Structures are given as structure tokens and as C-alpha cells.
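Everything quoted here is computed from the prediction, not taken from an experiment.
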Amino acid sequence: MKYSESKDVMTPSGNRGPKTINIVLFGIGNVGGTLIKQIEEAQPRFLAKGLQIHIPVIANSNTAFFAKPNAEKGWEAGFKSFGFPQFIQDIFKFVKENELKNLIAVDATASADLVGEYFSLIENGFHIVSANKIANTLDVAFYTKLRDTLKKHHRRFLYETNVGAGLPVIETIKNLHDSGERITRIRGVFSGSLSYIFNRFSAEEKSFADILKEASENGYTEPDAREDLSGNDVARKLLILARELDLKREFEDVKVDSLIPTQLNGKTSVNEFKRRIDELNPTFENKKNQQAKGHVLRYVGELSVTEERLDVKLVSTPADSPLGQLKGADSLIEIYSDSYKKQPLVIQGAGAGKEVTARGVLGDIVKLAENLI
Ligand SMILES: NC(=O)C1=CN([C@@H]2O[C@H](COP(=O)(O)OP(=O)(O)OC[C@H]3O[C@@H](n4cnc5c(N)ncnc54)[C@H](OP(=O)(O)O)[C@@H]3O)[C@@H](O)[C@H]2O)C=CC1
Ligand SMILES: N[C@@H](CC=O)C(=O)O
């Protein structure tokens, strides 16, 4: 398959040859689909700065589409008509044959299988940008091996959207830590979907199941919403932050208060869970009604760095407290440190959603592109 890059494009500043970045995109759901749109819309602005972002390969779990340059606009039709069964080796062959440089694999999936391919992606010259949290939350041996492999092949791995979607949480925590600041505690509402669910459930007379369905339709939940309800998604976020602070903890070290009643946990399929979703209602009606007056439910994560403790649980908090006042799918993350001792550094804003997340992924791509030739 031949793919010829438009190397002689004239930038508005009059210089020849913008820097071309080649994205291989895995995942075209909420985040991946929105990312393509955002790249297409921002292309004139990138070009003005001497940057051109191509997406020569677009893949879902079973199909890969090898696109023509600048084909982002009509990619859906091409994907349907000219998609091939997706095999990673074909992708490697394609980028080699076409001598594509500045390769970035973007992981907009929740797939563990794809994470298993990270090593071969790196060995084949790819940098990685990921919204998928799995690579950062497998065991410490994997975590370390991934970083060693990146170092050996001079590749980078950016994953700002792993915590707080488009919010600058990882970058802020990393900057503080790397500059010698002692972070003592990180606490807050880390899940955008559970924020949306509990903010509405606490304020409205709607059933828990109906609100959960709407959260899913709005693209706030994980592909399997039980990842949110089980607390696993928040646990992953806490673990990722702990590891940024050099605490080599495992997923099992996070103490998690699951929100899934035992009869729906574990053994049911996603479809069966969706069919029986109304069974969640009595549990949450009870929790809502048992609260003190003026209190609301919030699902909170806390990383106590000094005690090396990671906790995820449902709490009842006064409606006029900072967490109690949350709206929409907002996350609110408080960072306590030696410099931010009494008044924490607070990061607040949408913690889930396809637009903010895709923008965060694009932010990582542009950041990475700045360091490429
Ligand atoms: N939505 C949000 O607000 C946020 C999401 N994220 C993360 O972003 C990721 C994607 O979320 P979202 O877009 O909502 O999920 P979706 O379910 O909407 O999309 C997932 C996409 O991944 C594809 N996929 C699955 N397995 C593979 C594979 N092995 N190779 C290639 N493609 C694959 C799916 O293809 P198919 O249809 O064939 O299965 C689908 O296109 C998740 O890891 C999530 O945690 C992070 C922050 C916020
Ligand atoms: N399900 C997640 C989406 C982003 O990671 C959340 O609700 O925060």
C-alpha cells in the first residue's frame, strides 16, 4: 500500500515543509472519534505553526483503515469500504514501506490486548499517547519494564488523560514532585461519570439506573460502566498518581468500596448487567435516604502519601462543602503538600467527556511533537 506524504506544503509563514507527525489511532469510539474531528478542525492552526498531523492508520478492535494523506474528513466511509482485518504486523509493514517518520501510536481504547503490544510498538519506532489506564496500572514489574524499554529506544509515553480527563492533574503533580515539593495527600472526586451520577442523583428525583444510562449515553462512563461502579477506575487513577510520586504500589493495595451489589458483580456479562440495571435502584435509594439532612453522596478517592494508603469510598458530605457543591461531570482534586499545607492546590473541571478527553490527548500529541524533528 502506498501512502505519499505531502512534503512540499507551503506554510502560511512562507516556509517549506511543515513538521509532519504520523498518528496510528487505535480506538474510534467517544474519545478516538472526537480526536479525529479535533485534529481535522485544528489543522490550519497547526499548519500556521509549521506542524502537520496525519492519521495514516485508523483502527478499531477488528479493522484497520490505511488512509490517504489528509483523508481525515471522509474517514468513516473509507473505513467501512476499505478496512482490513486489524493485525499489528500489517501496520508495522505499512509504516516501514511508506517510510513514515515521527510515529505516535494513540491508544483510545480500554483494551488490555493493545497494551500487550506497547513493547512491539516502541521497538518499531512509535511514541505512545494513551487515554487507556491499563498500562500504568498493571504490576510494578510491567510498569518498570515499559519505562526501561522506552528509555532504551528513546521513545516517550504521555498519558495526561489517565487522571481527570483533560485536566492537568498528572502534569501538576509531576512538576511539584520533580521540583522537590513534598506532596502529603491527594483527595477528591476523581471520576467524572460518578460525579455526574451522584450530583444528579442527590439533587433530582430520578432513579439511579436512569441517570447511569444517561451518563453512559453522554460518553462519561467506561466502555463497561461496571469499571466505574466497581471503583476500579478511581482505584486506577489513585494508583497512577501514587506511582508518579515514586510509591511502587500495586492495584491490590487500593482499598475500594465497590458500588455494585454482589448479585450483579463479577460473573454477569455486560449485556446482562445492562438488562438488570434497575436492580441497582433500591441500594442507592436507601443510601440517599439514610443521610443526615442537607447531605449529598459523593464517591471519593484519597491517597495519603505519608501513610502510603489508597482509599476509594462513597461518602455523605454537606451539600455546601466544596465536594457537595460539584456540578455536571466535574472532578475536584485537592493536592496537599508542604507549600500547600492548609489550603490545598485545587484542580476542578470536567473529569470525563469525549471533547475534553480528546483535547487532552491532542495536547499530549502536540507536546510530544514539539520535541520531534
Ligand atoms: N470517555 C471519557 O470521558 C474518558 C475516557 N478515557 C479513556 O479513554 C478510553 C476510550 O474511552 P471511550 O472512547 O469512551 O470508549 P469507547 O467504548 O467509546 O471506544 C473504545 C474504542 O476502542 C476500540 N478498541 C477496543 N479494543 C481495541 C483494540 N484491541 N485495538 C483497537 N481498537 C480497539 C473499540 O472498537 P470496537 O468498537 O471494535 O470494540 C472502540 O472503537 C478508555 O480507556 C477510557 O478509560 C479517559 C478519560 C476520560
Ligand atoms: N469513566 C471515567 C472516564 C475517564 O477516565 C470517569 O468517569 O472519570
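A heavy-atom distance below 4.5 Å is not found between the side chains of Asn22 and Val95. Counting heavy atoms from C-beta on, the side chains of Val189 and Leu194 never come closer than 4.5 Å. Looking at Trp75 and Ile55, their side chains never come closer than 4.5 Å, going by heavy atoms from C-beta outward. Using a 4.5 Å heavy-atom cutoff, the side chains of Leu247 and Leu303 are in contact. Asp139 has its side chain within reach of Glu250: a pair of non-hydrogen atoms, C-beta onward, lies under 4.5 Å apart. At least one side-chain heavy atom of Arg298 sits less than 4.5 Å from a side-chain heavy atom of Ser202. Residues Val300 and Val312 form no side-chain contact, since every pair of their non-hydrogen atoms from C-beta on lies 4.5 Å or further apart. The shortest side-chain heavy-atom distance between Asp148 and Leu150 does not fall under the 4.5 Å cut-off.
Val254 and Ala235 get closest at one heavy-atom pair: CG1-CB, 3.7 Å. The two atoms that bring Val234 and Gly301 nearest to each other are CG1-CA, 4.3 Å, heavy atoms only. Annotation for Leu297 and Gln291: closest pair N-OE1, 3.4 Å, computed over non-hydrogen atoms. Nearest heavy-atom pair, Ala242 versus Leu310, reported as atom, atom and distance to 0.1 Å: CB-CD2, 4.0 Å. A pairwise comparison of heavy atoms in Ser331 and Gly351 identifies OG-CA, 3.3 Å as the closest pair. Smallest separation of non-hydrogen atoms from Asn30 and Gly219: ND2-CA, 3.7 Å.
Using modelled atom types, one finds a donor on one side chain and an acceptor on the other under 3.5 Å when comparing Glu279 with Gln263. A donor atom on one side chain and an acceptor atom on the other are found under 3.5 Å apart for Asp246 and His177. A donor-acceptor contact under 3.5 angstrom links the side chains of Ser337 and Glu181, judged on distance only. In the model, Glu123 has no side-chain atom that pairs as donor or acceptor with a side-chain atom of Ser120 under 3.5 Å. Between the side chains of Asp113 and Ser111, no donor-acceptor pair is found at a separation under 3.5 Å.
Aromatic ring centres of Phe119 and Phe142 lie closer together than 6.0 Å. If you look at Phe208 and Phe198, their ring centroids are closer than 6.0 Å.
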Show me the donor-acceptor pairs, under 3.5 Å and distance only, between side chains in residues 159-170 and residues at least two apart or in other chains.
from   : atom 1 : to     : atom 2 : distance (Å)
Tyr159 : OH     : Arg147 : NH2    : 3.2
Tyr159 : OH     : Glu244 : OE2    : 2.5
Glu160 : OE1    : Glu171 : N      : 2.9
Glu160 : OE2    : Val169 : N      : 3.0
Glu160 : OE2    : Ile170 : N      : 2.9
Asn162 : OD1    : Asn136 : ND2    : 3.0
Asn162 : ND2    : Ser130 : O      : 3.3
Asn162 : ND2    : Ala131 : O      : 3.3
Asn162 : ND2    : Asn132 : O      : 3.4

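Between Phe66 and Phe94, the ring planes are tilted. Angles from 30° to 60° get that label. Ring geometry for Tyr220 versus Tyr196: interplanar angle of 30 to 60°, hence tilted.
The distance from the CD atom of Gln38 to the CD1 atom of Ile365 is 9.5 Å, given to the nearest 0.5 Å. Distance check: Leu264 CG to Lys274 NZ gives 14.0 Å after rounding to the nearest 0.5 Å. For the atom pair Asp330 CG and Gln325 CD, the distance stands at 12.0 Å (nearest 0.5 Å).
Cation-pi geometry between Arg185 and Tyr336 is satisfied (NZ or CZ under 6.0 Å from the ring centre, within 45° of the ring normal). For the pair Lys313 and Tyr299, the cation does not sit on the ring face, since its NZ or CZ is not both under 6.0 Å from the ring centre and inside 45° of the axis. The cationic atom of Arg243 (NZ for Lys, CZ for Arg) lies less than 6.0 Å from the six-membered ring centre of Tyr143 and within 45° of the ring axis.
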* To do: Go through Leu229 and Phe273 one step at a time and tell me if the side-chain contact (heavy atoms from CB on, under 4.5 Å) criterion holds.
  => CA-CA 12 Å; Leu229 291 173; Phe273 174 73; 3.7 Å; yes
* **Criterion side-chain hydrogen bond (donor to acceptor under 3.5 Å, both in side chains) on Thr109 and Asp107, from CA distance to verdict** => CA-CA 6 Å; Thr109 79; Asp107 181 353; 2.7 Å; yes
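For Asp233 (side chain) and Glu227 (main-chain N/O), no donor-acceptor pair under 3.5 Å exists by modelled atom type.
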